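It should be emphasised that the depicted structure is a prediction, and the values quoted were computed from it without experimental measurement. Starting from 1, each residue takes its place in the sequence as its number. When reading the values below, keep in mind they use all heavy atoms of this one structure, side chains included, and skip hydrogens, waters and symmetry mates.
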Amino acid sequence: MLRGVRRTTLAITALLLLAVAAAPATAHDPGTPEGKAEQAEMLRIYEPMWRSGERIAGAPLSCIDGKVDKYPCKNVDLLSFLPQSELGGGGSSSMWYWTDTSDDNEYVLYCRSNGVSFVNVTDPVNPRYVGNLPAANGTNSSWCDIRTYRNYAYIGKDSVSHGIQVFDLTRLRGLTTTQTFTPDAHFTGLTNSHTLWINQSTGFLYVSGANTCRKGLTIYDISTPLTLRLAACYDREVYSHESIVVNYAGPDTRFTGREIAFNYTGQGRRFQILDVTDKANIKVLSSVTHPGASFIHQGFATSDYKHMIVNDETISTRGGSPDFVYNIEKLDAARYVGKDVATRGTFVNHNGYTVGNRHFQASYRGGLRILDTTNVASAKLPEVGFFDTDPASNAKGFSATWMALPFLKNGVVAVQSIGVGLYLVRPTGAAAVR
């Protein structure tokens with residue numbers, strides 16, 4: 001195991017100033033009461049990066065008797081940890097991944113408040129920080145989102161005038177020392193954005209929560225990767241917080257091959273299914289909700305596309321952390337099934353993604369939680385594993401794990417913790433993907 005060097009008093013002072021320099025962007029629309037409340041909460045509990053600990057690398061650590069290193073765990077081993085101080089500083093939020101098909105190297109693209117870190121995770125026990133792309137215009141925002149198309153990364157930020165940066169990821173090839181980069185393109189046709197999604201099959205970028213399109217869903221053609229061309233605007237809801245868009249191949253064969261968007265409207269309290277194939281005539285197939293809906297944040301389909309697992313970010317803060325299940329076997333007749341009532345703590349669920357019959361949930365102070373989707377039709381999602389990045393608390397609040405990324409090779413999951421750093425873990429036993 002390798003351990004990092006001590007920080008100096010000067011570095012600590014500088015980082016504290018960075019932490020409080022500006023109010024962070026929120027997971028909600030910053031113009032709403034929910035968003036303002038979350039800003040205040042994040043400032044209150046922000047953990048400066050100098051407290052993030054020391055590097056862990058060189059050998060995997062096993063989860064034994066409910067602990068791995070200092071972290072509570074169940075069926076999840078710790079492969080490595082890179083502290084925020086070794087990743088370019090600032091806070092942190094979203095992340096994505098890229099595999100270089102020329103050499104099979106794998107990278108985590110780690111969003112920070114002041115830029116993006118590129119981390120080579122081909123050897124997950126010995127990850128390497130290889131590059132930094134500073135934020136556009138020197139902006140600092142706690143919310144940064146990133147997605148990839150072909151060999152390009154697209155980066156946006158909320159609550160600041162940032163636009164969208166485009167970066168050619170092939171520039172990471174062969175790096176042996178850490179580089180500081182400039183973007184290959186900078187799109188200023190919008191100022192801020194909350195979340196991004198790219199349909200790999202069609203080459204369309206879907207931007208949610210931007211200053212464009214009344215904060216609805218703004219769609220760009222990026223088939224020419226360094227150019228963003230406005231293709232459509234869906235603004236029939238008060239807000240689009242996030243959308244997952246696919247070329248549909250699920251059980252409703254009427255829509256096979258159609259471009260379908262699963263849209264989460266935040267304070268609009270609706271989960272929507274949209275047919276966005278014809279950008280000039282976007283159609284609402286379903287618009288549904290669940291009892292007591294507060295802020296319908298994000299969701300992800302089960303592997304067979306029969307059900308959608310949805311998180312409601314502010315309903316969770318009122319006690320417990322349920323996931324909400326919808327039946328989507330008929331896209332134009334989606335219906336609410338029920339909520340998972342298992343008690344796992346009062347932590348708040350954030351983004352979730354499904355691989356096989358496992359749902360990987362980033363749950364703020366609850367860290368990474370892994371749920372079994374076998375009985376999802378009955379709204380039962382038993383927890384089969386977890387890795388808790390905040391050993392001190394499982395209470396409600398908006399610190400610790402914002403994103404868990406389960407799409408890396410060999411069962412590796414990247415787990416982020418706000419202002420703390422990047423963990424690489426591997427589920428084992430009952431938590432492993434089936």
V166: side chain to side chain contact (heavy atoms under 4.5 Å, CB included) partners, not counting sequence neighbours: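 Y152, Y154, A185, L226, L228.
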Looking at V433 and V355, what are the two nearest heavy atoms and their distance?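 Nearest pair, atom of V433 first, then V355: CG1-O, 3.6 Å.
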Tell me the closest heavy-atom pair linking I273 and A334, and the distance in Å.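 What the structure gives for the nearest pair is CD1-CB, 3.9 Å.
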Tell me whether [X] is salt-bridged to [Y], with the criterion being a basic N under 4.0 Å from an acidic carboxylate O.
X: R358; Y: D372; value: yes
X: R270; Y: E237; value: no
X: R254; Y: D332; value: yes

[X] side chain to [Y] side chain, donor-acceptor N/O pair below 3.5 angstrom:
X: N311; Y: Q298; answer: yes
X: D312; Y: H290; answer: yes
X: N199; Y: E259; answer: yes
X: S94; Y: D145; answer: yes

Relative to each other, are the rings of F271 and Y264 parallel, tilted or perpendicular (30° and 60° limits)?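 Because their plane-to-plane angle is under 30°, the rings of F271 and Y264 count as parallel.
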Could you check whether the rings of F324 and Y336 sit parallel, tilted or perpendicular, using 30° and 60° as the cut-offs?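 Geometry flag for Y336 against F324: tilted rings.
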Which pairs with one or both residues in residues 222-290 pass disulfide bond (SG atoms under 2.5 Å apart), sequence neighbours excluded?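 Sorted result for residues 222-290: C213-C233.
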Going through the checks in order, is the ring-ring contact (aromatic ring centres under 6.0 Å, His included) test met by F204 and Y220? CA-CA 6 Å; F204 284 101; Y220 294 98; over 10 Å; no
Is a side-chain N or O of [X] found less than 3.5 angstrom from the main chain of [Y], in a donor-acceptor match?
X: R150; Y: S223; result: yes
X: D184; Y: D168; result: yes
X: H241; Y: H297; result: yes

Taking it one step at a time, do V68 and F387 satisfy side chain to side chain contact (heavy atoms under 4.5 Å, CB included)? CA-CA 9 Å; V68 54; F387 176 79; 3.6 Å; yes
Give me each pair satisfying side chain to side chain donor-acceptor pair (under 3.5 Å) with a member in residues 74-83, each pair once, sequence neighbours excluded.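 Qualifying pairs, neighbours excluded: none.
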Check this for me: R434, atom CZ, are more than 12 non-hydrogen atoms of other residues, nucleotides or ligands nearer than 6.0 Å?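 Check passes, neighbour count above 12.
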Do other residues, nucleotides or ligands put more than 12 heavy atoms under 6.0 Å from the NZ atom of K283?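 No - once you tally the heavy atoms of other residues, nucleotides and ligands closer than 6.0 Å, there are 12 at most.
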Qualifying residue for side-chain contact (heavy atoms from CB on, under 4.5 Å) with Y206, from T195, I219, I198, L196: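 Going through the options one by one, the only one that passes is I219.
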